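In this text the structure is predicted, and so the values were computed from the model without any measurement. When a ligand or atom number is given, it counts from 1 through the structure's own listing order.
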Amino acid sequence: MATSNVQLVIFGGTGDLTTRMLMPSLLGLFDTGKLANFAVLILSNRNFTDDDYREFIRPFLRRSTKPDIPGFLQHIFYQTMDVTKATDYTAAATKSHEIDKKFDLGGNRIFYFAVAPRLFSPIIASLPDSGFLARPGYKRVVIEKPFGQDYPSAKALNEQLNHLFHEDQIFRIDHYLEKRMVQNIMLTRFGNGLTEGIWNSHFIDNVQVTLSETVGLENRAGYYDQMGATRDMVQNHIFQLISLLAMDQPISLRQGDVTEAKVAALRMLKTPDLQLINQQFVLGQYLGNQQEPAYLDEERIPKTSRTETFVAGELNFNSYRWDGVPFYFRTGKRLATKTTRIDVVFKAPQLKLFEEHHQVIDHLAPNILTILIDPDEGLSMQLNTRDSDEETFGSTNAILANTQPATGFETPEAYESLLSDIIDGNTENFPQWREIAVAWQFIDALRAGWQKTSPIIHQYLLGSMGPEQADKLLTRTGRYWAFDPTK
Ligand code: BG6
């Protein structure tokens, strides 16, 4: 349970993250009483007073309940600031101290970097002389993803942070780790003999991870065009999911042990082979329709951009457990549906018994364990059964557990529990440096391969599930995506 007596100092208070995620989540924590004695100091370059900012943010503060919005807004303060100007930090820190005194917050501060990643480093460099880090009180720092743009920049950022903060004061965000069904993967795997006993290449044919989105750039053209889907979604969210799915059982549930198991799994990934890279990875860019622009026609996107808004790939492990089991992933913008799910496809049994019974054999489908993450949560298993009329055979989806909407009105959103963890000082659901490092090393190797081979950026229809080459990724070995909302 989060407690209070804390000041959140948010660098970058007028951007998408703060307006769409942080402030509504803070309101949620306030509304449920988890946040009582607290203050938020927003630092941004717009020329606002406290009251201007309160008016600016008000339209974003929507909840299903009827929260006390005027009460909440009394805790919100604003200071105009250019984060690249060292002198602005002193004024901001002075205001922060005044707020601290007013609410009697004991000097506890959480610095939240909700700014473009290029500003992380100048902000960290300015903190020591600003007075912001003055004792007493705890100091924590929250770094939004992406943590670096590649391994060298991530390493430099990490070293810079380590000069000021201990590992347990650093919260590197991957909001996927706060999703309920992501947190459920370890229990689903290691808490059930049924699953753990068959979680290997003897029984599993392939694993599929889908993070599809219907949204486009959402005012983030500059950032997105620089990063692309691989660095925006794969290096962090998809690699987190894959490491949880592929790892061996950790020695304990302690964060260090879980991290070790995840890192060991990722280190067993086969580095992309230049000969195969364009068969194993597919890049795409969305086309437009009458209402919506194509990626290359979006504002602030260069007409010659080769940034991928879709990526699918096949990952293979150098491990006994996963010998010959491809892990497929795909993610993209402007796809048919907003869905995050994992499909674990099992090998077919020996079907000799039904050999002469075409009405049966033609309808048999593989068993698929589906972990639904968003917008529905739950577990289901595709099983072959015979209908009660005894005439028809086919596969049905047996709901195993937990099915419910992920973002129901009373369900805390991922950012709410994330903020709650940070306020509690609980780093468990935040990736540690070693996980981030090994993921970047793989992505760097992949991108270096792309640089050498200059892959085609396939165009795909808005509302599709990406370019058809992403289907071929599987069909060339007789497999197919278990989830296809377009059919
Ligand atoms: C963010 C990406 O990390 O995750 C966004 O930067 C993406 O581009 C978002 O839209 C998706 O998160 P979720 O929780 O909606 O799947």
Side-chain angles (χ1 to χ4, degrees), residues 12 15-22 24-25 28 112-118 120 142-149 154 171-185 209-242 244 284-286 292 295 298 300-301 305 307-311 329-342 371-377 405-408 411-419 429-431 435-436 439-440 443 462 465-466 483 485:
D16 206 47
L17 174 71
T18 308
T19 53
R20 210 163 56 95
M21 297 286 179
L22 298 182
S25 309
Y112 201 119
F113 294 6
V115 287
R118 72 189 152 76
F120 293 170
V142 187
I143 307 280
E144 267 293 331
K145 48 136 297 242
F147 195 87
Q149 306 203 331
F171 294 75
R172 303 173 191 83
I173 293 223
D174 186 323
H175 72 284
Y176 267 60
L177 296 187
E178 292 284 352
K179 293 185 190 264
R180 230 167 52 95
M181 287 307 290
V182 175
Q183 293 180 350
N184 223 329
I185 293 176
V209 176
T210 300
L211 270 61
S212 78
E213 296 192 273
T214 51
V215 293
L217 296 182
E218 300 185 294
N219 300 324
R220 297 192 309 160
Y223 157 83
Y224 195 84
D225 196 56
Q226 206 191 353
M227 296 301 279
T230 311
R231 291 191 284 175
D232 186 46
M233 298 289 272
V234 182
Q235 184 273 339
N236 37 66
H237 311 322
I238 290 184
F239 268 48
Q240 282 295 331
L241 298 184
I242 287 183
L244 286 166
Q285 257 179 9
Y286 59 81
E292 304 290 346
Y295 181 69
E298 296 271 16
R300 297 191 289 133
I301 298 296
S305 172
T307 299
E308 77 286 4
T309 62
F310 175 94
V311 56
F329 68 83
R330 61 183 163 169
T331 184
K333 300 283 186 196
R334 293 274 191 233
L335 297 179
T337 165
K338 164 74 189 164
T339 299
T340 303
R341 62 185 272 160
I342 295 160
I371 304 176
L372 294 167
I373 297 171
D374 199 6
D376 291 326
E377 291 179 341
T407 47
T411 315
E413 287 174 29
Y415 265 88
E416 240 173 79
S417 45
L418 192 145
L419 285 165
N429 297 317
F430 296 82
E435 303 166 57
I436 293 177
W440 270 130
I443 297 295
L462 195 148
M465 280 306 275
F483 174 60

- Message: List the residues meeting side-chain hydrogen bond (donor to acceptor under 3.5 Å, both in side chains) with R341, not counting sequence neighbours, and say none if there are none.
- Response: D343
- Query: With hydrogens left out, which residues have an atom under 4.0 Å from ligand 1, given that only heavy atoms count?
  - Reply: K145, H175, Y176, K179, E213, R220, D232, M233, H237, K333, K338
Donor-acceptor check, side chain of [X] to backbone of [Y], threshold 3.5 angstrom: yes or no?
X    : Y    : answer
T309 : Y286 : yes
T331 : L211 : yes
E435 : Q240 : no

- Query: At their closest point, which heavy atom of P431 faces which heavy atom of I173, and how far apart are they?
  - Reply: CD-C, 4.5 Å
- Query: Taking the inter-plane angle between the rings of F430 and F171 on a 0 to 90° scale, is it parallel (under 30°), tilted (30 to 60°) or perpendicular (over 60°)?
  - Reply: perpendicular
